[in-house]
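To start, the structure under review is shown below, and the notes come after it.
Order of the sequence lines sets the chain letters (A, B, ...), proteins ahead of strands, with each chain counted from 1. Keep in mind that what you see is a predicted model, and the values were worked out from it rather than measured.
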Amino acid sequence: MNHDRDGLMVARRSDGRLVRRPLSPHLQVYRWPVSMVLSISHRITGAALSVGALLMTWWLVAAAASESAFATVQEFLGSSFGVLLLMGWAAALVLHVFQGIRHLAWDAGWGFGTLAPQDPVGSGTAKRIYGVTGWGVIGITAAATLIVWIAGLAAWE
Amino acid sequence: MTKQSNNPQVDILRSQLKRVRGLGSSHSGSQAWWAERLTSIALVPLTLWFIASVIGLEGATRADMVAWLHAPVPLVLILCLIVTTFWHMELGLRVVIDDYVHNNAIRIAMLLFQRGLCIIAGLFCVIAVLRLGLWEGGS
């Protein structure tokens, strides 16, 4: 051990031997549980939505600047690439919002354990709540995204 | 597994407490975490409202934008949305950069850049929205 930080990964086992604890997560060896997929997608959509925020900036600034500048943005957003971008933005935003609500529930201490109170760690066949809410987020996101897309395309003349 | 990982050695004599000191903030560290949670709560209704507004403004002209932001409620809501969005964006990007960028110089440069970007873009949005919302006519 030659760095302070390494000291945090060295631990002593019950027999007194020093062991180096493994770093986590190991993406290559883990199977991909729904919570992990959602956690990663939350970060990816968060970064993508930062680009969306810059797109919103362009839209608002162009509207405040001049007729021609705003016409340029609206033409871009109305092009097939722009519509695709907006549909992706809506999907990312919906997923980030619903997954964010799940994270807020976790922060409040809710959403762990299982649906069976007598089996809180899920050693039997009891469904774990974070798995249920994870698939719930995916389902709600799919439904809400579809609604937004349909509403958006219906309003498009 | 390497030989080192099977036989770890402790070559420096420091307590575990000494090792963790300085690796994390001790007093104000929860503020960023808390701010990220509060902005996210505010952003849930604001975001849903904004999606609906964007759908309503498809193909809008500049006059439509002025008319939209001349009403007090949309103007206030979009100002709230802008501030919380860029605040939340700054906190979120900071976490991602802290987690994945290990080179200290690059990390600090990226943190400064993303913070500056969030502040400047946010200010641009605020000014633009105020200009549209407080429009007195003319061009």
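- With chain A as the partner, the residue from B:Val66, B:Leu43, B:Ile78, B:Asp99 showing the most heavy-atom pairs under 4.5 Å is B:Asp99.
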Quiz item: Would B:Val54 and A:Met56 satisfy side chain to side chain contact (heavy atoms under 4.5 Å, CB included), going step by step from the backbone distance to the final call?
Solution: CA-CA 10 Å; B:Val54 167; A:Met56 177 184 79; over 6 Å; no
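- Only the side chain of A:Gln74 comes within contact range of chain B, judged by heavy atoms closer than 4.5 Å.
- Taking chain A as the reference chain and counting heavy-atom pairs below 4.5 Å, the highest number among B:Gly59, B:Ala60, B:Gly92 is found for B:Ala60.
- Looking at A:Trp156 and B:Ile55, their side chains never come closer than 4.5 Å, going by heavy atoms from C-beta outward.
- Within residues 98-106 of chain A, the residues approaching chain B closer than 4.5 Å by heavy atoms are, in numerical order, A:Ile101, A:Leu104.
- Using non-hydrogen atoms only and a strict 4.5 Å limit, no part of residues 136-147 of chain A faces chain B.
- Proximity to chain A among residues 121-128 of chain B is limited to B:Ala121, B:Phe124, B:Cys125, B:Ala128, judged by heavy-atom separations below 4.5 angstrom.
- Separating the CG atom in A:Leu153 from the CD atom in B:Glu58 is a distance of 7.5 Å, to the nearest 0.5 Å.
- Counting only distance, with no hydrogens or angles, the side chain of B:Arg62 and the backbone of A:Ala62 share no donor-acceptor pair below 3.5 Å.
- Within the model, atoms CZ of A:Phe70 and OG1 of B:Thr61 stand 7.5 Å from one another, a figure rounded to the nearest 0.5 Å.
- Contacts between residues 76-94 of chain A and chain B, defined by a heavy-atom separation under 4.5 Å, are made by A:Trp89, A:Leu93, A:Val94.
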